[in-house]
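Only this structure's heavy atoms are used, side chains among them; waters, hydrogens and symmetry mates stay out.
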Amino acid sequence: MLLMPEVSDLVSTIKERAVLEALGRSIFTALGATAVAVVFGTPLAYIMARKTFVGKKFVEGLIDLPIMIPHPVIGIAILSLFGRNSLWGELLSRINIEIMGSITGIVIVLVFVGAPFYINTVKAGFEAVPPRLEKASQSLGAGMTATFFRVTFPMVWRNMILGSVMCTARAISEFGAVIVVAYHPMTAPVLIYERFTAFGLKYSQCVAFWLIIISLILFLTMRFFSRERPLS
Amino acid sequence: MIRVRDLSVHFPGFSLESINLDVKERDFFALIGPTGSGKSVLLEAIMGLIPMDRGAIFLNDREITKTPPERRGIGIVYQDFALFPHLNVRKNILYGVRYHAIPGKEAEDRFQALVETMNLSHLLNRHPLTLSGGEKQRVALCRALILNPGVLLLDEPLSALDPLLQDEIKNLLKSLHQKLGTTFIMVSHDFSDVLFLANRGAIIHRGRIEQTGAIQELFERPGSPFVAQFVGMKNVYSITGVNGRRVSLGGLDVHLERSVPGHCHLAVRPEEILCIDGGMPDHFSNDLSDHLPDHTQDFSNRFSGTVHRLVNRGFYFDVFIRVNGVEFMAQWTRRQVIKKGLEIGAPTWIAIPERSVHTF
């Protein structure tokens, strides 16, 4: 598919305002969702890796749920929870936050589909840090915050980058849940779908090409940051 | 120095119950027990790294029960060393300096002195993953000692090392303790290490302290069958009758050095059961007699029995001898076993010196 479109078509496509906006929107919302996942997912991943509590399996199941269920179902669930006729939707609309057909709605959807990838990757990173290292750090005088930043974080930051890239990549490619919550404003996958259904394969290929390139860059970044460094 | 009062910790399937300990200043104190007895949990409770259900801990008469671990002034060296893998040796050693308000010059002096003592100068830029077990242990000790802790906790400091390195680290620990005068509390499951290193100790079994005291006292006067077994008295029996300095053991009369009112157990170390020829003192031929001169003329407990099991331990044999239905385990050298032609079913004589019979 990469070889099929003409270079001139690709160039003209990337110059189109609608395409640039859709790609930009996809990147912006995906990065926004990743930022939310990092802020809330990191402590959650730490708790899931270190603590034992009643209902832990249930919480793990909830985190993994968006990976397992069809994504339009996630969109429908979010609309049911935050739609205009729901209690939460009403509360949010009172403070001028709209979910349906808005950037906020897209970000919320992308958090749901992308966060499990971030949380699970970072959780694996925390699990790989022996608790004894943190205890040794405390015995040497470092408090819990200092221990996190001097011992735990340096050992999991690669997992955090890896998780962020996976979360972003997953969010950029999301279509099923986004189309339910926000057909407009259009993200790149929705634009590709629209062009495919309205104008056919050739017209959608050029946008798809640029989406693939962005995803490729993200995965190459992931491989770059996750590589092992030789020790002296 | 360190006082532990009524300390209890409960986990699912395990608990430490009512632990009381007194560790004096400059002690090399050993917490001794088999795997799973709770000694490492006790160490982490003293450090403040696990929550206690009950009890109090005092350091120099100051209660530290609720003090966070980083402010207790206690250091710990773990069995697996717990070196930070992302930091080189220098940064590992200096890790805690910034939290202890040690002036730069003094920190540098302490660093240089310790690095020299521990022979680490050539390793300062290496990462822990590239170090041998002995080197890691020295770095871990250095990292804890640079902070001049009031007490240093050592969690099984020798168990992750091969036998040659164990000797090196044992000597190092002993000389560090003598040189620095820091109070050491060591966890170990090996009584021979404890005998070499520690002056006082406590034996822990199933989350409770069985006996505490001077190491020599634990070694020579165990207070229970478990402690007796643990300190190497493999022959432990219930006494069936007492008559002055004589006690009945099954069908045998055993003579004691002194009378033992109230005692109900008897124990003998396998290496103190002597192998004799024909039960006659003038034919005494135990190689171990070289370092047991006092025992050579003590033959009041002489028994004739039959070898019913031989276990080859390399340099020596575990020889199991049955005497009137009572089984004794002796440790005799390979030379003795070969010279006497001992084999399963062979008759043999044994002697147990009176002073080798321990009662409790």
Residue pair B:Tyr95 / A:Thr147: nearest heavy atoms and the distance that separates them: OH-CA, 4.2 Å
Flag if over 12 foreign heavy atoms under 6.0 Å of CZ, A:Phe40: no
Chain A interface, residue from B:Arg71, B:Met47, B:Glu44 that has the most non-hydrogen pairs under 4.5 Å: B:Glu44
Chain A contact via B:Asn92 - which portion, at a heavy-atom distance below 4.5 Å: neither
Residues, nucleotides or ligands: over 12 heavy atoms within 6.0 Å of B:Lys24 NZ: no
Region of B:Ile74 that comes under 4.5 Å of a non-hydrogen atom in chain A: backbone
Any donor-acceptor N/O pair, B:His86 side chain to A:Arg150 backbone, under 3.5 Å: yes
Any pair counted as ring-ring contact (aromatic ring centres under 6.0 Å, His included), so long as it reaches residues 23-45 of chain B, sequence neighbours left out: B:Phe28-B:His177, B:Phe28-B:Phe184
Close approach to chain B in residues 128-143 of chain A, criterion heavy atom under 4.5 Å: A:Arg132, A:Leu133, A:Lys135, A:Ala136, A:Ser137, A:Gln138, A:Ser139, A:Leu140, A:Gly141, A:Ala142, A:Gly143
B:Arg72 portion near chain A, given a 4.5 angstrom heavy-atom threshold: neither
Neighbour count above 12 (heavy atom, 6.0 Å) for B:Arg206 CZ: no
Crowding at OH, A:Tyr193 (>12 non-hydrogen neighbours, <6.0 Å): no
Greater than 12 external heavy atoms within 6.0 Å of B:Lys91's NZ: no
More than 12 heavy atoms from other groups under 6.0 Å of CZ on B:Arg26: no
Heavy-atom contact with chain A under 4.5 Å, split by part of B:Ile146: neither
Contact list for residues 97-123 of chain B, test ring-ring contact (aromatic ring centres under 6.0 Å, His included), sequence neighbours left out: none
Per-residue contact mode, B:Pro68 against chain A (heavy atom under 4.5 angstrom): neither
Listed partners of A:Phe58 passing side-chain contact (heavy atoms from CB on, under 4.5 Å), at least two apart: A:Leu62
Flag if over 12 foreign heavy atoms under 6.0 Å of CZ, A:Phe28: no
